[in-house]
There are 2 protein chains.
Amino acid sequence: MTTKRSPGTADRILDVAERLVQVRGFNAFSYADVSKAVGIQKASLHHHFATKTDLGVALVERYRHAFLAALAAIEDDAGGALERLERYADLYRTVLRKRRMCMCGMLAADVATLPEPMRSSVAAFFAENVAWLSRVLAEGKKRGELRFAGPPAAMAGFVVSSLEGAMLVARGSGDPGHLDEAARLILSSLRGVGARTRRA
Amino acid sequence: MTTKRSPGTADRILDVAERLVQVRGFNAFSYADVSKAVGIQKASLHHHFATKTDLGVALVERYRHAFLAALAAIEDDAGGALERLERYADLYRTVLRKRRMCMCGMLAADVATLPEPMRSSVAAFFAENVAWLSRVLAEGKKRGELRFAGPPAAMAGFVVSSLEGAMLVARGSGDPGHLDEAARLILSSLRGVGARTRRA
DNA sequence: GTCTATAACGAGATAGAC
DNA sequence: GTCTATCTCGTTATAGAC
């Protein structure tokens, strides 16, 4: 077991900046905001992340890494495809419950204003999600646990789109229920025709 | 028939600002940007829209109005529910083709930073869309043209979410195909079990 | 690694002439 | 209704002491 130290300054900066991006967007937070929340002067932030672009790139890459780790954790617990999809949707629910948007969903909106290294990292996030879901969907179909038409990658893209959109609309309309509804409809559709709702 | 004059300055300002919001977001465009594109000094903009909040409110309300007009046009052409849903999806495709995000989808991302009058207008946009879709879905189901479980409003919310999310992910991943795929899957799901893809 | 101080620029907004 | 000029503030970023 690795020794766990209290988070260093760079990590605390990333934690604060991550929250700010997910709530406000990349163009609507400043070094001054981070400075206040971390309890360190603005100039000191530049020692850890020389430019806002550097900070942004580090944010997306850490987020991608953490998300991939969460997906790996779902696979380790070795349930069926339906359970994995439920837990995938739960990742989104957890974010929304914190009144945040998925960081890469947020950055997808900001994409026209992002520096190139951030853009390609955001694109990679979606590609990684689609790849993981494609595997889950393909396996679930093979085992007869899931039912859907067309290639797994197309359905995987739809799952990501729908969950991201449901978070977005949930925030825009002030009704978190949109995400629950989306997760419910996607799952019940994949369960096939004689679908029963899951137990409470 | 009403006489159609060339657009006044206020309208030209709104046209430019609308594009900027849909591409860059509300926090990532400035009066200077609008000034350049319209060919008028920054100070003159304040004559038409005293504050950026005023401009923002006017933008969302004009957008809502235009969207409602587009929905009314779809109803006037009196096709079936499936055709109406296809044309609804086309509204989104047209926006994405211009490399824009739905204005209210964009503002939903920015929502934490928006002045209150804009926030409630964004929420109203989604409510209007869900209301319109609910009617189309309910009628289509009644006529046996559509097949889906649960209340029409829930499915309507899912349709909006999925299309908004598909636009978002399409931009974030640089692949417009996400929107086509989402539209295709939603429509084929609503067509019911023995679905055939529509003709090319 | 953190600080104070400041540079250099762009933001939203106002005053007042024409 | 548009202009020039200006104000005030916030932004990212740097210099240099400790």
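In what follows, chains are A, B, ... by sequence order, proteins preceding strands, each numbered from 1. Excluded from the calculations below are hydrogen atoms, water molecules and symmetry mates; all remaining heavy atoms, backbone and side chain alike, are included.
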Polar pairs (N or O, both sides) under 3.5 Å between protein and nucleotides 14-18 of chain C?
none

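Between the CZ atom of B:F26 and the C1' atom of C:dG12 there is a distance of 11 Å, given to the nearest Å. Between A:H48 atom NE2 and D:dT12 atom C1' the separation is 17 Å, expressed in whole Å. In this entry the distance linking NZ of A:K52 with P of D:dG10 reads 16 Å, nearest Å. Per the geometry, CG belonging to A:L55 stands 14 Å off P belonging to D:dT11, to the nearest Å. Rounded to a whole Å, the CG atom of A:L45 is 9 Å from the P atom of C:dC3. Computed from coordinates, the A:N27 CG to D:dT11 P distance equals 12 Å when rounded to whole Å. A:Q41 has its CD atom 9 Å from the C1' atom of C:dT2, to the nearest Å.
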Any chance you could lay out the ring pair (Phe, Tyr, Trp, His ring centres under 6.0 Å) test for A:F126 and B:H178, step after step, and finish with the verdict? CA-CA 11 Å; A:F126 291 119; B:H178 275 96; 7.6 Å; no
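If you chain together hydrophobic residues whose side chains sit under 4.5 Å apart, A:F158 and B:L85 fall into the same group.
Remark: A:S44 is in phosphate contact with C:dC3, judged by side-chain N or O atoms under 4.0 Å from OP1 or OP2. Look at A:T9 and you'll find a side-chain N or O under 4.0 angstrom from OP1 or OP2 of C:dT2. The phosphate of D:dG1 (OP1 or OP2) has a side-chain N or O of B:H47 nearer than 4.0 angstrom.
Residues B:E145 and B:R191 are not paired through a salt bridge, judged by the lack of any N-O separation under 4.0 Å between the basic side chain and the carboxylate. Electrostatic pairing of B:D77 and B:R87 counts as a salt bridge here, judged by a charged N lying under 4.0 Å from a carboxylate O. The pair B:D90-B:R93 meets the salt-bridge criterion, since a charged nitrogen lies less than 4.0 angstrom from a carboxylate oxygen. Using a cutoff of 4.0 Å between basic side-chain nitrogens and carboxylate oxygens, B:E86 and B:R184 are not scored as salt-bridged. Salt bridge present: B:E139 and B:R143 bring a charged side-chain N and a carboxylate O closer than 4.0 Å.
A:S161 contributes atom OG, which lies 9.5 Å from atom CD of B:E181 (distance to the nearest 0.5 angstrom). Taken to the nearest 0.5 Å, the CD1 atom of B:I186 stands 11.0 Å off from the OG atom of A:S189.
Residues B:R62 and B:D11 share a closest heavy-atom pair of NH1-O, 3.9 Å.
Of the N and O atoms on the side chains of B:T113 and B:D110, not one donor lies less than 3.5 Å from an acceptor on the other residue.
Checked against ring-ring contact (aromatic ring centres under 6.0 Å, His included), B:F26 has the following partners two or more places apart in sequence or in another chain: B:F29.
Between its two ends, the helix from C:dG1-D:dC18 to C:dC18-D:dG1 turns its axis by 0°, counting five pairs per end and rounding to 10 degrees.
A cation-pi geometry, defined here as NZ or CZ lying under 6.0 Å from the six-membered ring centre and within 45° of its normal, does not hold between B:K52 and B:Y31.
DNA chain D lies under 4.0 Å from no heavy atom of any residue of residues 11-20 of chain A. Near DNA chain D, meaning a heavy atom under 4.0 Å from it, residues 28-36 of chain A has A:F29, A:S30, A:Y31, A:A32 in order of number.
Annotation: ring-ring contact (aromatic ring centres under 6.0 Å, His included) contacts involving residues 80-118 of chain A, sequence neighbours excluded, comprise A:Y88-A:Y92, A:Y88-A:W132.
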